[in-house]
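Here's the structure we're looking at; comments come further down.
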Amino acid sequence: MNKLNKLTVICLTLFLGIFAISCDNESVDPLLDNNKKVGKPVVYVNTDGVEDFFRENVVAKINAKGEMHFTLDAVKGEKKDVLTIMTKTFKQGNFPTNANRSTYLDRENNQYFSTIDIDRPTYITGFVTIDFINRSARVVSGSFDMRMIPVKPEGEDGNVDPSIRSFQVKGTFENVPYEREESEYVDAQIDGAEFRNTNATLEENDTNYIVMGVGRDNVDQVLHFTFPKERAVVGEVIKMSEEGVDAYYFSEFGIKYTLDKEDEAMLKDAQIEIEEVEKFIEKVDGTEVERTVLKGSFDMKLKGVDEEKRVIQVKYGTFKVSKK
């Protein structure tokens with residue numbers, strides 16, 4: 001009987017432990033991409049033997065150039081050091097840290113460190129690895145293992161205190177949310193290629209909002225879509241087949257692609273989702289002006305107007321634009 005009670009207690013303890021772990025890792029936004037679920041972000045850092053875990057307030061920023069960086073504050077606990085991890089390209093792969101500069105701030109000694117050794121710039125101090133990008137849920141996972149080199153103070157005579165040495169930083173990051181660094185943008189993967197820009201606009205007429213993004217490196221590359229103003233409500237999913245919804249894209253080669261509303265296969269799963277709507281009054285040159293900010297996501301297929309009628313896919317689209 002005692003053995004049975006002990007076995008029951010052990011089984012119950014194991015069940016509760018598994019339940020607690022399951023709840024802690026429960027997906028916040030259970031989107032799927034390549035059969036991988038999205039869980040709560042986890043970042044593990046080992047700084048010269050000191051371990052830290054981060055679960056909150058970690059967001060990777062992607063700029064218009066396609067560079068990624070995220071910052072971890074309060075590394076090494078009470079010391080509150082700052083680690084910034086960076087890659088010049090946002091895609092899966094291994095990135096040598098002498099060409100992709102990550103940094104570290106030792107607050108106690110007010111000393112900066114970098115993964116670039118200025119005396120040996122070709123010396124590979126480590127790697128940042130992006131293992132997986134879940135573009136549906138907009139999270140990124142990977143790892144890093146790199147050596148931090150003391151940065152010399154500015155000036156010809158600047159020298160690092162000899163007691164300050166280089167050290168190793170390594171760790172992993174999983175399901176870290178990412179977003180655009182700029183305040184206004186239209187992003188998408190168009191025909192398999194990344195479309196990012198900072199020239200994003202929101203216009204309106206009597207009935208519709210009009211969102212437009214111009215290519216960062218090619219002003220001939222334009223993505224344009226429009227939808228009824230009355231549908232600009234948080235949580236609304238606007239089907240591309242609806243009346244008043246339209247879209248077109250000019251490629252960098254000058255080919256125009258449009259929304260064919262008579263092609264049911266193209267319209268399947270094509271939509272615009274409104275995530276945020278903000279309206280407020282601000283003063284411009286002493287005059288009160290109403291401003292509207294819209295944020296959302298979109299997926300669609302567009303057909304070429306040339307003889308080939310080739311269909312391209314516009315997916316993982318996101319936008320944040322304002323009407324001033």
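Throughout, numbering of the chain's residues begins at 1 and tracks the sequence. Both backbone and side-chain heavy atoms feed into the values below; hydrogens, waters and symmetry mates do not.
- No side-chain N or O of T115 forms a donor-acceptor pair with one of R101 less than 3.5 Å apart.
- Proximity of E56 to K40: side-chain heavy atoms (C-beta onward) are separated by under 4.5 Å at one or more points.
- In summary, the side chains of K301 and Q313 do not present any donor paired with an acceptor at a separation below 3.5 Å, with no hydrogens or angles considered.
- Using a 3.5 Å distance cut-off with no hydrogens or angles, the side chains of T71 and T84 do pair a donor with an acceptor.
- For the 3.5 Å distance criterion, the side chains of D145 and Q168 qualify, holding a donor opposite an acceptor.
- For the pair K88 and F95, the NZ or CZ position fails the cation-pi test of under 6.0 Å to the six-membered ring centre and within 45 degrees of the ring normal.
- Partners of E290 under the salt bridge (Lys or Arg N to Asp or Glu O under 4.0 Å) rule, at least two apart in sequence or in another chain, do not exist in this structure.
- Considering M68, E67, H69 in turn, M68 is the only one that fulfils the side chain to side chain contact (heavy atoms under 4.5 Å, CB included) rule with T87.
- When the options M300, Q271, R231, K261 are evaluated for a side chain to side chain contact (heavy atoms under 4.5 Å, CB included) with V245, the one that passes is K261.
- Other residues, nucleotides and ligands place no more than 12 heavy atoms under 6.0 Å from the CZ atom of R165.
- Side-chain N or O atoms of N109 include none that pairs as donor or acceptor with a backbone N or O of Q111 at under 3.5 Å.
- A donor and an acceptor atom, one from each side chain of Q221 and Y249, are located under 3.5 Å apart.
- Checked against ring-ring contact (aromatic ring centres under 6.0 Å, His included), F298 has the following partners two or more places apart in sequence or in another chain: F225.
- Side-chain contact between S102 and F144: absent, with no pair of heavy atoms (C-beta onward) separated by less than 4.5 Å.
- Side-chain polar atoms of N94 and T129 form a donor-acceptor pair below 3.5 angstrom.
- Side-chain contact check for S143 and T172: no donor-acceptor pair (N or O, by modelled atom type) lies under 3.5 Å.
- A salt bridge between D73 and K80 is absent, with no side-chain N of the basic residue lying under 4.0 Å from a carboxylate O of the acidic one.
- F90 pairs by the ring-ring contact (aromatic ring centres under 6.0 Å, His included) definition with Y178, not counting sequence neighbours.
- In this structure, S141 contributes its side chain and D131 its backbone to no donor-acceptor pair below 3.5 Å.
- In summary, the side chains of D81 and Y104 do present a donor paired with an acceptor at a separation below 3.5 Å, with no hydrogens or angles considered.
- The aromatic rings of F227 and F319 lie tilted to each other, with the angle between the two planes from 30° to 60°.
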Inset, instruction - Might you work through the ring pair (Phe, Tyr, Trp, His ring centres under 6.0 Å) test for F173 and F70, ending with a clear yes or no? - result: CA-CA 10 Å; F173 53 96; F70 64 90; 5.2 Å; yes

